Amino acid sequence: MADTLEDASFFLMQATLGANYDTISNVASTGIETWLDNQLNSSFDNTDSFENRVNQIWQDFRTQAITASGDNGSGNIIGVGNATLSYNFYFRMAWWHRTLAKANSNMNVNNPITNAKEIDSNDLVRHRIAQALSEIIVISDKSNLELDALGMANFYDIFYENAFGNYSDILKEVSLHPCMGVYLTHLNNKKENGNQHPDENYARELMQLFTIGLNELNSDASEKKDANGKNIPTYNNDDIKQLAKVFTGIKASSYEYEWPAQISGFTNNSAIDLSDSSPKIHKTIPYINMRNQMIEESSLHDITTKSLLNTKVNISSGGTLISDVNKAIDDLVAHANTAPFIAKKLIQQLTNSNPSTSYIQAVASKFGTSGDLKAVIKEIFLNSEAKTSAKKLKSPLLRITQLLRAFNTSNTSKKLWFRGDLVDNKLNQHVLSSPTVFNFYLPNYAPHGSIENANEVAPEFQLHNSATSIAYVNSMYELLFSDSNNKLNITVPTQIHASEFFRTSDTTLANDKLAFDFTSEKALATASDIETLIKRISLVLTGKENISILNEIKNTIDNEIGYSNKNWVVQTVVFMIAISPEFTVLKKR
């Protein structure tokens, strides 16, 4: 059954990182539920990973450097001497490339830079769910992980691959991933021995943030109360100590140089030699294998019985690290609190900051004992509340991805290697760059004023202050008006600048700016079609054709801009809508 263009656009603002007019039209004609089912039933392709794209981008830079230096300086590139570091921006470039390439009509399968899977439209929802999960189960490059793009990409692939699988499988992989081991410090954790006690950091956050939360909940996420009307804590310090035993005797699978052997041309993949001339700083965490699952050091793993949460988690003695982790995760995910706790978090990420208890309960009922994400996601998006009364402030990241994807942002080389500095430096957000494990904003944050007075929350407003609100408007202006030919104030890097990094004289990408494709919009940039143009752009960006500021935009074009320069007409319309509440707030109107 077909849906309206407005229904399709609003749905895609919830379910994807952004959609162009063609995708909106396709979803409307296919029908939202049918299209969503097709997305949820798509299979994961092992070649379609963020890790692979990081490898490819790194190799491209390495090839440029060797070509420019005649291989004389290649020692600094392949890991000899003052080794080149694998900084976070390689992951960032890979993330933006894949985000902007997806369903982009300016990319094609014959393009050697981008593979067919990266640009098809079958994984739009998968990308959105991966991003949402990354803000629930958090690691961040605001840590030692800044030095390992490959590890972060491999970690992000857990969410991407398992977006429609079981939540328990995600947590099992996360718990044994070296990036989490570094970030929440259970890597090299040891069992109790005299005054030596296991690190409790990950055990605490696994319960508090990733599964059961702080207080006991009803199935609709409302808090249970004791006889005195007080909240009932889900766990105590003894529970943390018991769970911490599970994550003892855990170590990296291997120690190695910065970049692994699977990168083409890398020939120096020997174990780290502490006596060579390379500075010792290059031989510390995270210069271990940051892609392979951590393994057991059996002599340091606690094999005693672990019992917590009034035996809701109960692990027999004699188990291995893997068996103990699997049992702990299975029990935690099956805990009565986890379904409503995670259901509410996902709803807040995707559709509504203040979901009703009936909405939460409906989603939680699909969770099951293992966390059936496919069923959960379908209920989140198809629930009547998501369609009619959903409301949330779009995060800065989502505003940028939706804007850039709406108009098939691309460049000449098809290397869409935006580093995301605009979002991170000016708007305080970027994928895998949260300031803490609690994410960029707390789920119960409420700004002072009408929202707080209504006893509601608006988590994303924690990033919205006097500085970022002004920076957002200025950033939109810089993006849209930096060039009269639609070129954005965003360039892809030709080289990485730092004393540890290679330098190259290659200028292939020097002027390879990203640019909007306004071909269809410019055809409507006339005095007779201006209202049609405004409605088309408003549909794509707000989910509504008749935007409240339609006449204000039209008068600005008529009286201030004129129609001699079609680019300026379109840019002005996009700018005025992009800074309007109709765009920044996701709301069914």
Side-chain angles (χ1 to χ4, degrees), residues 133-148 151-152 154-156 158-159 167-168 170-215 233-253 284-286 288 290 293-297 300-302 304 306-309 313 315 321-322 324-329 331-333 335 337-338 341-342 345 432-440 442-443:
L133 287 169
S134 77
E135 293 197 12
I136 295 173
I137 304 171
V138 174
I139 66 168
S140 175
D141 60 13
K142 299 293 195 296
S143 68
N144 280 352
L145 298 180
E146 178 189 19
L147 305 180
D148 204 296
M152 289 192 297
N154 182 276
F155 182 88
Y156 195 83
I158 296 174
F159 304 138
Y167 189 68
S168 58
I170 289 176
L171 284 185
K172 289 171 185 177
E173 289 196 47
V174 162
S175 297
L176 295 171
H177 198 283
C179 280
M180 185 60 81
V182 170
Y183 188 64
L184 288 184
T185 63
H186 58 296
L187 174 66
N188 295 331
N189 204 5
K190 301 175 182 178
K191 67 181 181 181
E192 186 170 354
N193 183 12
N195 291 326
Q196 173 184 288
H197 301 281
D199 186 293
E200 300 173 356
N201 199 18
Y202 182 67
R204 180 186 300 104
E205 306 308 355
L206 176 60
M207 290 190 289
Q208 179 181 350
L209 300 176
F210 306 161
T211 53
I212 61 176
L214 289 172
N215 299 310
T234 51
Y235 62 88
N236 56 35
N237 284 337
D238 288 337
D239 294 320
I240 296 172
K241 292 180 183 298
Q242 286 292 307
L243 187 57
K245 294 179 182 179
V246 170
F247 303 101
T248 55
I250 189 168
K251 67 178 183 179
S253 63
T284 59
I285 291 173
I288 56 178
M290 293 295 284
Q293 178 177 289
M294 294 185 291
I295 61 175
E296 179 177 356
E297 183 73 61
L300 300 177
H301 179 63
D302 191 319
T304 63
K306 296 95 175 170
S307 183
L308 58 146
L309 305 180
V313 177
I315 302 170
L321 169 70
I322 302 301
D324 284 0
V325 168
N326 287 345
K327 182 63 163 61
I329 297 300
D331 288 352
L332 283 170
V333 172
H335 189 287
N337 251 46
T338 302
F341 184 70
I342 298 301
K345 279 196 169 189
L432 300 192
S433 286
S434 169
T436 73
V437 72
F438 296 96
N439 195 30
F440 302 96
L442 299 176

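Just so it is clear, the model here is predicted, and its values are computed rather than measured. Residue numbers run from 1 in the order of the sequence given.
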**Student:** Going by the rule side chain to side chain contact (heavy atoms under 4.5 Å, CB included), which residues pair with S175 if we only count those two or more places apart in sequence or in a different chain?
**Tutor:**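 Partners of S175 by the side chain to side chain contact (heavy atoms under 4.5 Å, CB included) criterion, ordered by chain and then number, come out as Y202, F247, V325, I329.
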**Student:** Quick one: does I212's side chain get under 4.5 Å of Y235's, heavy atoms only?
**Tutor:**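 Side-chain contact under 4.5 Å: yes.
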**Student:** Set out, in order, the CA-CA distance, both residues' side-chain angles and the distance that settles side chain to side chain contact (heavy atoms under 4.5 Å, CB included) for L176 and I322, then state yes or no.
**Tutor:** CA-CA 9 Å; L176 295 171; I322 302 301; 3.5 Å; yes
**Student:** Just jot down the salt bridge (charged side-chain N to carboxylate O under 4.0 Å, His left out) partners of E200, sequence neighbours excluded, or say none.
**Tutor:**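 Counting only residues at least two positions away or on another chain, E200 forms a salt bridge (charged side-chain N to carboxylate O under 4.0 Å, His left out) with R204, K241.
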**Student:** Taking the side chain as every heavy atom from C-beta outward, state whether I139 and L432 have any atom pair closer than 4.5 Å.
**Tutor:**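 In short, these two side chains touch, coming nearer than 4.5 Å.
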**Student:** Looking at every non-hydrogen atom in both residues, tell me the closest pair between A328 and L243 and how far apart they are.
**Tutor:**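 The answer is CB-CD1, 4.0 Å.
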**Student:** Which residues pass the side chain to side chain contact (heavy atoms under 4.5 Å, CB included) test with D199, sequence neighbours left out?
**Tutor:**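 D199 satisfies side chain to side chain contact (heavy atoms under 4.5 Å, CB included) with T185, N189, N201 only.
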**Student:** List the atom of L133, the atom of I170, and the distance in Å for their closest heavy-atom pair.
**Tutor:**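 Closest approach of L133 to I170, heavy atoms only: CD1-CD1, 3.8 Å.
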**Student:** So do the side chains of I342 and T211 get within less than 4.5 Å of each other, counting heavy atoms only?
**Tutor:**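 No. Closest side-chain heavy atoms not under 4.5 Å.
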**Student:** Find out whether F341 and L214 are in side-chain contact, i.e. whether some heavy atom of one side chain is under 4.5 Å from a heavy atom of the other.
**Tutor:**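 SC-SC contact between F341 and L214 ruled out.
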**Student:** I want to check something: taking the side chain as every heavy atom from C-beta on, are L187 and I288 in contact at a cut-off of under 4.5 Å?
**Tutor:**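 In short, these two side chains touch, coming nearer than 4.5 Å.
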**Student:** Apply side-chain hydrogen bond (donor to acceptor under 3.5 Å, both in side chains) to K327 and list each qualifying residue two or more places apart in sequence or on a separate chain.
**Tutor:**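 So K327 forms a side-chain hydrogen bond (donor to acceptor under 3.5 Å, both in side chains) with D331.
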**Student:** So do the side chains of V138 and L209 get within less than 4.5 Å of each other, counting heavy atoms only?
**Tutor:**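 In short, these two side chains do not touch, never coming nearer than 4.5 Å.
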**Student:** If you apply the rule side chain to side chain contact (heavy atoms under 4.5 Å, CB included), what do you find for T234 with M207, and how did you get there?
**Tutor:** CA-CA 9 Å; T234 51; M207 290 190 289; over 6 Å; no
**Student:** With sequence neighbours excluded, tell me which residues meet side-chain hydrogen bond (donor to acceptor under 3.5 Å, both in side chains) with D141.
**Tutor:**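 Here the qualifying residues are N88, R92, S433.
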**Student:** Compare every heavy atom of S143 with every heavy atom of Y183, then report the nearest pair and how far apart it is.
**Tutor:**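 The answer is CD1-OG, 3.8 Å.
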**Student:** Compare every heavy atom of T338 with every heavy atom of V333, then report the nearest pair and how far apart it is.
**Tutor:**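 That would be O-CB, 3.5 Å.
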**Student:** Give the minimum heavy-atom separation between P435 and F440, together with the two atoms involved.
**Tutor:**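 P435 and F440 have their closest heavy atoms at CD-CD2, 3.8 Å.
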**Student:** Could you work out, with side chain to side chain contact (heavy atoms under 4.5 Å, CB included) as the rule, every residue matching E296, not counting sequence neighbours?
**Tutor:**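 Side chain to side chain contact (heavy atoms under 4.5 Å, CB included) check on E296 returns S298, H301, T320, L321.
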**Student:** Does N326 have any side-chain hydrogen bond (donor to acceptor under 3.5 Å, both in side chains) partners at least two apart in sequence or in another chain, and if so, which?
**Tutor:**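 Here no residue qualifies.
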**Student:** Please tabulate, for the side chains in residues 190-198, all donor-acceptor contacts under 3.5 angstrom to protein atoms that are two or more places apart in sequence or on a different chain.
**Tutor:**
residue : atom : partner : partner atom : Å
K191    : NZ   : S299    : O            : 3.4
Q196    : NE2  : K191    : O            : 2.9

**Student:** Less than 4.5 Å apart, side chain to side chain, heavy atoms only: is that true for N439 and I136?
**Tutor:**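 When only atoms from C-beta onward are counted, I136 and N439 do not touch, as no gap falls below 4.5 Å.
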**Student:** For D302, enumerate each residue passing the salt bridge (charged side-chain N to carboxylate O under 4.0 Å, His left out) test, keeping only those at least two apart in sequence or located in another chain.
**Tutor:**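 Counting only residues at least two positions away or on another chain, D302 forms no salt bridge (charged side-chain N to carboxylate O under 4.0 Å, His left out).
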**Student:** Begin from the C-alpha positions of L308 and D238 and carry the test side chain to side chain contact (heavy atoms under 4.5 Å, CB included) through to its verdict.
**Tutor:** CA-CA 8 Å; L308 58 146; D238 288 337; over 6 Å; no
**Student:** Report the residues that fulfil side chain to side chain contact (heavy atoms under 4.5 Å, CB included) with K251, sequence neighbours left out, ordered by chain and then residue number.
**Tutor:**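 Listed in chain order: N188, I295, E297.
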**Student:** Do K142 and T436 make a side-chain contact, defined as non-hydrogen atoms from C-beta onward lying under 4.5 Å apart?
**Tutor:**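 A side-chain contact is absent here, since even the closest heavy-atom pair is not under 4.5 Å.
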**Student:** Closest heavy-atom contact between M294 and G181?
**Tutor:**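 Result for this residue pair: CE-CA, 3.9 Å.
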**Student:** Quick one: list whatever passes ring pair (Phe, Tyr, Trp, His ring centres under 6.0 Å) with F210, sequence neighbours left out.
**Tutor:**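 Not a single residue meets the ring pair (Phe, Tyr, Trp, His ring centres under 6.0 Å) criterion with F210.
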**Student:** Tell me every residue that passes ring pair (Phe, Tyr, Trp, His ring centres under 6.0 Å) with H177, counting only those two or more places apart in sequence or in another chain.
**Tutor:**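 Once residues adjacent in sequence are excluded, the partners of H177 under the ring pair (Phe, Tyr, Trp, His ring centres under 6.0 Å) criterion are F155.
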**Student:** Which is it for Y167 and K172 under the side chain to side chain contact (heavy atoms under 4.5 Å, CB included) test, yes or no, and what are the steps along the way?
**Tutor:** CA-CA 9 Å; Y167 189 68; K172 289 171 185 177; over 6 Å; no
**Student:** Working to the nearest 0.5 angstrom, can you tell me the gap between L171 CG and I158 CD1?
**Tutor:**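 Going from CG on L171 over to CD1 on I158, the span is 10.0 Å.
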